[in-house]
There are 2 protein chains.
Amino acid sequence: MTAPEGRLAADEGRRRPPTAQQFVLGELRRAITTGRLRPGDPIRQESLAEELAVSRVPLREALKTLQGEGLVTYQAHRGYFVERLSLDDLREVYLIRELLEAEAVRRAVARLTDEVVEAAEQAQAEVERAAAAGDVLAMAEANRRFHMTVFEAAGLPRLVRMIRTLWDSTDAYRSVYYGEEANRRRVVEEHRAALDLLRRRDADAAVRALAAHRTHAVTSIEAVLPPP
Amino acid sequence: MTAPEGRLAADEGRRRPPTAQQFVLGELRRAITTGRLRPGDPIRQESLAEELAVSRVPLREALKTLQGEGLVTYQAHRGYFVERLSLDDLREVYLIRELLEAEAVRRAVARLTDEVVEAAEQAQAEVERAAAAGDVLAMAEANRRFHMTVFEAAGLPRLVRMIRTLWDSTDAYRSVYYGEEANRRRVVEEHRAALDLLRRRDADAAVRALAAHRTHAVTSIEAVLPPP
DNA sequence: CTCCTGTATTTTGGATCCAATATTGATTAT
DNA sequence: ATAATCAATATTGGATCCAAAATACAGGAG
């Protein structure tokens, strides 16, 4: 097994060649979030393994991980399928995010340091650059970093992990959202407002602002979802 | 929307002999929750697979699932270990449960049917029987059914799945809690009170009661956790 | 033509084997 | 003794092979 170029593994700080399984995991995530594998698609292990130049064993373990994250579903003896979110599913994910992220933001504001604010500002700068350039992928990445920076300041690693998993499960639809110029502009503005409220340590207002931010996203995504 | 198609459900309602992987998953859960595998223990694949009379392949896939659920941790090239919850971890899990379960209860109360109340009452009857008999395992099972019955009435399958995962991650410590006669009696009483509030559709009071219920549990478990 | 049935093919599930990495233990120099 | 080094062993990671199940397909009965 040849070690591929990939180093997107965000795991432990160990400097080690990634295992085939970690490589496959990253590739699968990318394939799903970029739409290369589309919601509802069955995942054929043989061909996919061949394409990634690994055997089916690490592929299957990676799929189990993705199943746990809700990116794919599994039926015994029938295989894995890219998760197809219904409208209800999407709303539910955003409802749960609301519950978890509100708490994360409150805690984060309570113990916010200048370093965190600065990191968020840097992420926001990248968001604005990507938004202007129309670079959807970079924007999604920077946007995520912006929010996670704040959440992580809460000092609740499990909570952050769950939030991250929820984000993952809707990644496939996020690129759609950023595809629209108007949405990109709105994200930039809403982030600026949220950042300002964070600087002023106004937890309640920040929570409200981010709730609205999410609502805009889900409403916009709902509009382009295929009818059931 | 109780999802008639239930894509999130584990078995899709099909009556089929379990795969080795499903069998192993169940056995591992039991081994961890009953303390047969204890927090911090490394999981030796070869011997465990032999003991369960399967190869390492389905074992490893089951472990990946448990990793996603937080019951085991994983380090590349070093293997899997039964998760050892710190005090902070335990408190964090209960905090997250608070956030999610409060919402689930509110939604459940809003659409509560007599069937659900009846199912909860039946589960409670079993809790009381097991509590009297000192049957810790049966009590844990019935207790879980009691709560899940209510949560599921919320009609939010993903939310329930996450709550269930959180419960799983602390299962190893729950049996400790039920080991105490006084705790068992308190659980019975608190359930009765909660059930009464549900019958009266008093969401706020029910949420408060269940929050106190959780607090008692976490406080009691904290007391017996080994010091860091 | 439709529906069933049995068969061939595809696809997934699992077992075994080999390779890569980590751990252990002995040995030696300081 | 202690620490470093290197061989021996144990354990995990991955590839290949075979078995079991599902799907696709062809042919025949109604």
Side-chain angles (χ1 to χ4, degrees), chain A residues 1-9 11-28 31-32 37-38 40-68 71-83, chain B residues 5 7 9-28 31 37-38 40-68 71-83:
Chain A
M1 171 46 218
T2 60
E5 91 296 350
R7 75 181 164 82
L8 24 86
D11 283 46
E12 296 100 291
R14 299 292 287 276
R15 253 284 152 262
R16 219 204 306 235
T19 61
Q21 188 185 129
Q22 293 166 330
F23 163 71
V24 168
L25 190 57
E27 288 300 303
L28 277 178
I32 293 175
L37 286 174
R38 289 185 310 187
D41 279 359
I43 293 174
R44 299 290 169 224
Q45 298 174 9
E46 188 91 41
S47 58
L48 227 171
E50 187 184 17
E51 186 179 327
L52 297 173
V54 298
S55 80
R56 282 174 50 216
V57 174
L59 171 60
R60 276 161 60 178
E61 296 196 20
L63 284 169
K64 266 281 167 278
T65 298
L66 292 179
Q67 182 192 351
L71 263 75
V72 304
T73 59
Y74 169 76
Q75 286 179 269
H77 302 292
R78 297 204 54 228
Y80 296 86
F81 301 80
V82 180
E83 173 70 310
Chain B
E5 68 282 2
R7 273 182 284 95
D11 333 45
E12 204 76 30
R14 301 287 283 267
R15 255 278 155 277
R16 223 208 302 247
T19 61
Q21 189 186 132
Q22 292 166 329
F23 163 71
V24 168
L25 190 56
E27 288 300 304
L28 278 178
L37 286 174
R38 288 184 312 185
D41 279 359
I43 293 174
R44 300 290 170 221
Q45 299 174 10
E46 187 93 40
S47 57
L48 197 63
E50 187 184 16
E51 186 179 328
L52 298 173
V54 298
S55 81
R56 282 175 50 219
V57 174
L59 171 59
R60 277 161 59 179
E61 295 197 18
L63 285 169
K64 265 282 167 280
T65 298
L66 292 178
Q67 182 192 352
L71 262 76
V72 304
T73 58
Y74 169 76
Q75 286 179 270
H77 304 290
R78 299 204 52 229
Y80 296 86
F81 300 80
V82 179
E83 174 71 309

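Letters A, B, ... mirror the listed sequences (proteins, then strands); counts begin at 1.
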Under 4.0 Å: is that the gap between some side-chain N or O of [X] and OP1 or OP2 of [N]?
| X | N | answer |
| --- | --- | --- |
| S55(B) | dG14(C) | no |
| R78(A) | dT12(C) | no |
| Y80(A) | dG13(C) | no |

**Q.** Under 3.5 Å donor-acceptor, Q22(B) side chain and T19(B) backbone
**A.**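 Present.
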Just the rounded figure in Å: distance from [atom2] of [N] to [atom1] of [X].
| X | N | atom1 | atom2 | value |
| --- | --- | --- | --- | --- |
| Q22(B) | dG14(C) | CD | C1' | 13 Å |
| Y74(A) | dA22(D) | OH | C1' | 12 Å |
| L48(B) | dA15(C) | CG | P | 13 Å |
| E46(A) | dG13(C) | CD | P | 13 Å |
| Q45(A) | dA21(D) | CD | P | 16 Å |
| L63(A) | dG13(C) | CG | C1' | 14 Å |
| E50(A) | dT12(C) | CD | P | 14 Å |
| F23(B) | dG14(C) | CZ | C1' | 14 Å |

Where do [X] and [Y] come nearest, in terms of heavy atoms and distance?
| X | Y | answer |
| --- | --- | --- |
| A62(A) | V24(A) | CB-CG1, 3.8 Å |
| L59(B) | Q45(B) | CD2-O, 3.4 Å |
| R60(A) | Y80(A) | O-OH, 4.2 Å |

Under 4.0 Å between any heavy atoms, over every strand shown, what does [X] touch: base, sugar-phosphate, or nothing? Just pick one.
| X | answer |
| --- | --- |
| R56(A) | base |
| E61(B) | nothing |
| I43(B) | sugar-phosphate |
| R60(B) | base |

(Q) Reading DNA chain D from 5' onward, which residue's closest nucleotide shows up sooner: H77(B) or H77(A)? (A)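 Looking at the nearest nucleotide for each, H77(B) comes out on the 5' side.
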Q. Nearest to the side chain of R44(B) - dA15(C), dT11(D), dG13(C)?
A.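 Comparing dA15(C), dT11(D), dG13(C) against the side chain of R44(B), the answer is dT11(D).
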**Q.** Minimum-distance nucleotide (side-chain atoms of Q21(B) versus dT23(C), dG14(C), dT11(C))
**A.**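 It is dG14(C).
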Q | Residue among V82(B), V72(B), L37(B), L71(B) satisfying side-chain contact (heavy atoms from CB on, under 4.5 Å) with L28(B) | A |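 Answer to the side-chain contact (heavy atoms from CB on, under 4.5 Å) test with L28(B) among V82(B), V72(B), L37(B), L71(B): L37(B).
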